[in-house]
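Input: a single structure, listed below in structure tokens.
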2 protein chains.
Amino acid sequence: MIDLCKFCQHKSKASEQLSDSELSAQSDNCAEYRFKKGDRIIRQGTLSSNVVFLREGLVKLHMTGPLHEQIIKLTNGPSYLGLPTTFGDKVNHYSVTAIEDSLVCFIDLNTFKTFIMNNPVFAFELFIELCINELNSYHRCVNRTQKQVSGSLAENLLFFADDIYHSDEFILPLSREELGNLIDASRESVSRTLNEFQNEGLIQIDSKKIILLDKKRLQLISQYG
Amino acid sequence: MIDLCKFCQHKSKASEQLSDSELSAQSDNCAEYRFKKGDRIIRQGTLSSNVVFLREGLVKLHMTGPLHEQIIKLTNGPSYLGLPTTFGDKVNHYSVTAIEDSLVCFIDLNTFKTFIMNNPVFAFELFIELCINELNSYHRCVNRTQKQVSGSLAENLLFFADDIYHSDEFILPLSREELGNLIDASRESVSRTLNEFQNEGLIQIDSKKIILLDKKRLQLISQYG
DNA sequence: ATAACTTTGTGATAGAAATCACAATTGAAT
DNA sequence: ATTCAATTGTGATTTCTATCACAAAGTTAT
């Protein structure tokens, strides 16, 4: 268990600022778990007692809204999960669920706090990360409220290809229902719109497998659709 | 100009953690401005070069979406404005406009950074504030995407009464159009829904003046409408 | 393999809200 | 006071999407 964190290949930008002794302290106060696709990592409504760091994998942050479930965002590792829900309140305001097999570290809250208090560069990096997250959350919200189904769908297909899988061909890790929760549409509308995209030659669908055929046009739809 | 900040009655929770010498340094590197209703305080797209602190007043954070303007949120003082846009990127991602006469302090960025680096309690307070902001932004987004016009409108009327004016009778500081930008509805829908509310005896409207008559029912509409 | 359950596709219908169009009101400027 | 511009109210129409209903296809378990 000695110095596991020191040699971790998936450090956050903040934890790259930790000293050897701090990393060693983190190793001693940290537990590693593997989650299978579908496993709940953080549960809305429960006490948040650890800092959660996603080393590898893909997860969804989601919360129950007034009418239905909503996926707030998707995050792939390496990245902290739920800093806001850990430090913003005692209780988790949202859930986190693996949508692909994921490797997660749970870091003791007090140890983490010590780093913030004693290592200003670490604290500053976290601070910056939170700022960027908040900006992104504003952008996501503006987009999801203003775009219609085809626009949001195109946007998210491009997001999967460009930011998650780095390939124009990928296995969609979400059901149609979940895709709907991500873009604020019903299961049926997602189905229909995906088929429209296929009929117009924008994409090719083979059940969960998606191939993006015309990214230029998808980009246009994402912007103005 | 000596120690203006020290005796400021509108300190942020974070700046209450600053030492006398730090407050004095802040006084020396800080400028105070008064903005009239309608004045732009931060302009989307320009360089963000100062930390902006709203001492008194009421402002809207807003950004241009793919289709129209959207009000991200309303903030009243005392509160930092645009920490995310100041530290998250060099360029402002959103605008801030006074919707009531406001008193604002511009704090030198480097001075502020020094505080973060040298005063961990200050940094931690800011960190917590950002976390809470992000949680709130998630909740606002879920609500505005899932509720329909009457629900969002009821929610925001209650927000004005309870959180901004602390009175069930207030002068609405936004035009119908702006209210629409806040709840993702058209100007016309806002007009119509306000009138419905009046016809059902929920509120009384006298042009900009609003009186909430039945908050219980407004709460129900806010939840399930 | 079969049964039971979940996910998905697709047509028909209904409903909420945008848009369009225009009148009325308010406010600002001269 | 008068003019011009901006804001607001209201009806008619259109559009998008949710919902409903049911069939088809996949998955999982026994």
TODO: Strictly below 4.0 Å, heavy-atom distances to any atom of DNA chain C: list the hits from residues 196-204 of chain B, or just say none.
DONE: none
Task: Those residues of residues 172-180 of chain B lying under 4.0 Å from DNA chain C by at least one heavy atom - done: none
Open item on the list: Taking only side-chain N and O atoms of B:Lys208, does any of them lie within less than 4.0 angstrom of OP1 or OP2 on D:dT8?
Closed with: yes
TODO: Please collect all side chain to side chain donor-acceptor pair (under 3.5 Å) contacts where either partner lies in residues 196-211 of chain B, sequence neighbours excluded, each pair once.
DONE: B:Glu169-B:Lys209
- [ ] Taking side chain to side chain contact (heavy atoms under 4.5 Å, CB included) as the test, write out the residues that go with A:Leu67, two or more places apart.
- [x] B:Gln146
All salt bridge (Lys or Arg N to Asp or Glu O under 4.0 Å) counterparts of [X], not counting sequence neighbours:
| X | answer |
| --- | --- |
| A:Glu188 | none |
| B:Asp214 | B:Arg217 |
| A:Arg144 | A:Asp184 |

d([atom1], [X]; [atom2], [N]) in whole Å:
| X | N | atom1 | atom2 | result |
| --- | --- | --- | --- | --- |
| A:Lys209 | D:dG26 | NZ | C1' | 18 Å |
| A:Asn195 | C:dT7 | CG | P | 19 Å |
| A:Ile205 | D:dA25 | CD1 | C1' | 15 Å |
| B:Arg144 | C:dA16 | CZ | C1' | 18 Å |
| B:Asp206 | D:dG9 | CG | C1' | 15 Å |

Task: Between A:Ser95 and A:Arg43, a side-chain donor and acceptor under 3.5 Å - done: no
TODO: Classify the side-chain pair B:Thr145/A:Gln70 by whether it contains a donor and acceptor separated by less than 3.5 Å.
DONE: yes
Task: Protein-to-nucleotide contact annotation, 5' to 3' order, nucleotides 17-30 of chain C [B base; S sugar-phosphate only; - none; under 4.0 Å, heavy atom] - done: SSBBB---------
TODO: Check the surroundings of atom CZ in B:Arg34: do more than 12 heavy atoms from other residues, nucleotides or ligands lie under 6.0 Å from it?
DONE: no
Task: Other residues, nucleotides, ligands: >12 heavy atoms within 6.0 Å of A:Lys13 NZ - done: no
Task: Contacts of B:Ser49 that satisfy side-chain hydrogen bond (donor to acceptor under 3.5 Å, both in side chains) - sequence neighbours left out - done: none
Open item on the list: List the residues meeting ring-ring contact (aromatic ring centres under 6.0 Å, His included) with A:Phe53, not counting sequence neighbours, and say none if there are none.
Closed with: A:Tyr80
Open item on the list: Let me check the geometry of the helix from C:dA1-D:dT30 to C:dT30-D:dA1. What is the bend angle between the axes at its two ends, five pairs each, to 10°?
Closed with: 50°
Open item on the list: Can you classify the ring geometry of B:Phe170 versus B:Tyr165 as parallel (below 30°), tilted (30 to 60°) or perpendicular (above 60°)?
Closed with: parallel
Enumerate, atom names and distances included, each donor-acceptor pair closer than 3.5 Å involving a side-chain atom of residues 149-164 of chain A, sequence neighbours excluded.
unit_1: A:Glu155; atom_1: OE1; unit_2: A:Lys147; atom_2: NZ; d: 2.7
unit_1: A:Asn156; atom_1: ND2; unit_2: A:Ser152; atom_2: O; d: 2.9
unit_1: A:Asp162; atom_1: OD1; unit_2: A:Lys215; atom_2: NZ; d: 2.8

